[in-house]
Each structure stands twice: as structure tokens, then as C-alpha cells.
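Report on the following structure.
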Amino acid sequence: MRASGTSGATVTVRVPAKVNVQLAVGAARPDGFHDLANVFLAVGLYDEITVTPSDALRITAEGHDADQIPLDGTNLAARAAELLAARHDIAPHVHVHIAKDIPVAGGMAGGSADAAGALLACDTLWSTGATREELLEICAELGSDVPFSLVGGAALGRGRGELLTPLPVGGAFHWVFAVAEGGLSTPAVYGEFDRLTEGTAVPAPQADPALLAALEAGDAAALAGALANDLQPAALSLRPDLSATLAAGTDAGALAALVSGSGPTTAFLVKDHQAAQQVAAALTASGTCRDVRLADSPAPGATLA
Ligand SMILES: C[C@](O)(CO)[C@H](O)COP(=O)(O)OP(=O)(O)OC[C@H]1O[C@@H](n2ccc(N)nc2=O)[C@H](O)[C@@H]1O
Ligand SMILES: Nc1ncnc2c1ncn2[C@@H]1O[C@H](COP(=O)(O)OP(=O)(O)OP(=O)(O)O)[C@@H](O)[C@H]1O
């Protein structure tokens, strides 16, 4: 096994959050996952992952909600470092520092971003020579959303969301995010989807051509008309209070509103930065969320800082 230290070098990677502009969910598969047509869009809220050679694998975190993530081997960033190291016969002796800005357990793929960031940072630090395909394979092992965190931009995720096809985006889209009190467990939301659809024929998930065309054209009004999240009824069933947040944003002039992924963060598509300020102010005044964030899309994937 080769030593992992490279003369005190430090590598920093910046990784975006995501919103699912379409999340079409099929029936549960025998392995417990659901087949998806998952249209990911990376948004400009970022976590920053810094890795430094150390005498053992160590995780530290700072920033918003940093106290809510585990600092042991269950942290997805630690698992990413370990998986890459094991494949390349390297000792995973690295200090991974996570500067967190993506809401935790909010349906914005914060943990997935940290995993993709740690993977790219360690790969750079250790000069493993891994191909992009190998990194994507490790990402898929870490979680369904992790490949997209590496790639960024916009992409259609098939399978359980890990099989990506990049999508063209013809312009900038502006978003306001309302961060809810507490979090929602992703398996619990998929479980609630199963409960709500029990006894019905769940159709095979398909990407909506009108939504893909709106993305390609950079047409916010058309995208607003096509936004869809099959997990939204399940998230609202577990968190009925989110309806008031959705209403507060649409009443304030958002083009459209939806639950972000498995929630409980809610996402508001707006026309421009002025509308974003207006919707953000109304959401804050509504008292229906604990924080409000503005972000543009698309954003690049995991990038060396
Ligand atoms: C809701 C989304 O964020 C939308 O992008 C993702 O589908 C969830 O992706 P993720 O958090 O990376 O999820 P994973 O860590 O792969 O899986 C966590 C759990 O979510 C459920 N899960 C996840 C993905 C999927 N296609 N079907 C599922 O049923 C399963 O119960 C799984 O055990
Ligand atoms: N590096 C990490 N950052 C955030 N959460 C992590 C991390 N590692 C493990 N976790 C755990 O994973 C759980 C999900 O957190 P995360 O922020 O990824 O949720 P999410 O944004 O809803 O994910 P997704 O949108 O992919 O479903 C949390 O309960 C947290 O304790």
C-alpha cells in the first residue's frame, strides 16, 4: 500500500446543490429503489471540500447546519475517500474539511455534494489516474444523486438516478429556496410514495419533452408550466405545513413552486433577480420557513477551486 501524503499539499473542490425540475417516480423495484426519470439542475449554492494529508482519516465541518452532519466514518465524504483509497491501494490518511452552505437533509443533495467533492479532491491529491468513468462508478456506489453532483449543469438521470445523460440549457434560471425547519428522510418519503400509490398502476417514468424543450430554450415561463415532482404529495403528506410555504411564494409572484426532491426545502422559480428579492422577502415575512436562499442555475459540477 502506498502512503497517501503528498508533501503537505491541500486540494479544495467546490460542489453545487441541485433541484429536480422533473422527478418522475416509477414503482418500487425488487432492490427497494425506484426507477426514475430525474431531471437534475445544479444551482449556485455550494459546499467546499478541502483535503489535506494527515496521519488518519479525519472529518471536520463548519458553516450552516454543520453540527447536523456526522463526523465519523458514516459521513459520505469519508466513505468517498475510503472507497477511492481502497481501489488504488492507498492509505486513506486525509483530513477532509467540509465548509457547508447547502441545507442539510433538505432534498438539495448536500451529502451527495460532499461525497463527490471529497472524491474529486482525494483523486487530485493522490494522483490516482482514475478515469472519469471510474469516478462516476464510485459516485453511483455512494448514492443515487452523487454522480450528478460530480457532473453538474443539467442532466437526465435514469435507473435510480445514477445513469446520466447531459442536457442542454439555453439560459439562466433564477430560484428562491425556502429552507424548512427540520429535515425529511429520503427513504421515508419514498416509503410514503409507495403507501400513497398502493393498489394503483404506477406508470413507467418518462422525461417530459416540453420540460426538456423549455430547459434547452432557457424559457422560464415554459419551465414553470412543466415543473413536476412525483414525490411532492408524499413530502406534503409527511409535512403538511409545507403547503403554506408553497402558497406564500406563489402569492408573492413566483412563476411556479415545488418541493425540492424529497424535501422539505421548497423551490420557487422566478423571472429575474428583482422577482427573487420580492419572493424572498415575502417568504421571510410569512414565517413559514427558517431561512431563504437565492441561487441561479445552471451551475458547474464539482470543480477544483
Ligand atoms: C430524491 C432524490 O434526491 C432525487 O434526486 C434522490 O432520488 C435520492 O437520492 P439519494 O439521496 O442519493 O438516495 P440514495 O442514498 O441512493 O438512497 C437512499 C434511499 O432512498 C430511496 N431511493 C433512492 C433513490 C431511488 N431512485 N429510489 C429510492 O427508493 C431508497 O429507500 C434508498 O435506500
Ligand atoms: N457530508 C454530509 N453532509 C450532509 N449530510 C450527511 C453527510 N454525510 C452523511 N449525511 C447524513 O445524510 C442525511 C441526508 O443528508 P443530505 O443533506 O444529503 O440530505 P438531502 O439533501 O435530503 O439528500 P438528497 O437530496 O440527496 O435526498 C443526513 O441525515 C445526514 O446526517
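The structure displayed is predicted, hence computed values, not measured ones. For the single chain, residues carry numbers from 1 onward in sequence order. Remember, it's 1-based here, ligands and their atoms both numbered in the order they're listed.
- Closest to atom 15 (O) of ligand 1 among all protein heavy atoms lies Gly143 CA, 4.1 Å.
- Distances shorter than 4.0 angstrom occur between a heavy atom of Lys18 and an atom of ligand 1.
- Shown in contact with Asn20 at under 4.0 Å from a heavy atom are these atoms of ligand 1, numbered in order with element: 4 (C), 5 (O).
- An N or O contact shorter than 3.5 Å links Ala105 to ligand 2 by distance.
- Looking from atom 16 (O) of ligand 1 to the surrounding protein, the closest heavy atom is Ser144 OG, 2.6 Å.
- Between Glu82 and Arg79 there is no salt bridge, since none of the side-chain N atoms of the basic residue sits less than 4.0 Å from a carboxylate O of the acidic one.
- Taking distance alone, with nitrogen or oxygen atoms compared against 3.5 Å, Gly107 approaches ligand 2 more closely than that limit.
- The protein atom (non-hydrogen) at minimum distance from atom 20 (O) of ligand 1 is Thr186 CG2, 3.6 Å.
- For ligand 2, the polar-atom distance check finds no N/O of Leu184 at less than 3.5 Å from any of the ligand's N/O atoms.
- Residue contacts with ligand 2: Met108 is placed with a nitrogen or oxygen under 3.5 Å of a nitrogen or oxygen of the ligand (distance criterion only).
- Only the side chain of Phe40 comes within 4.0 Å of ligand 1, judged by heavy-atom distances.
- At least one N or O atom of Ala109 sits closer than 3.5 Å to an N or O atom of ligand 2.
- Both the backbone and the side chain of Asp145 come within contact range of ligand 1, each with a heavy atom under 4.0 Å.
- In this structure, Gly161 falls outside the shell of residues with a heavy atom less than 4.0 angstrom from ligand 1.
- Shown here, atom 18 (C) of ligand 1 is out of close reach of the protein: none of its heavy atoms lies under 4.0 Å off.
- At a 3.5 angstrom cut-off on N or O pairs, Gly111 counts as close to ligand 2.
- Contacts between Phe33 and ligand 1, counted as non-hydrogen atom pairs separated by less than 4.0 Å, involve both the backbone and the side chain.
- Among the atoms of Thr186, some N or O lies under 3.5 angstrom from an N or O of ligand 2.
- When non-hydrogen atoms are compared, ligand 1 lies under 4.0 Å from neither the backbone nor the side chain of Asp35.
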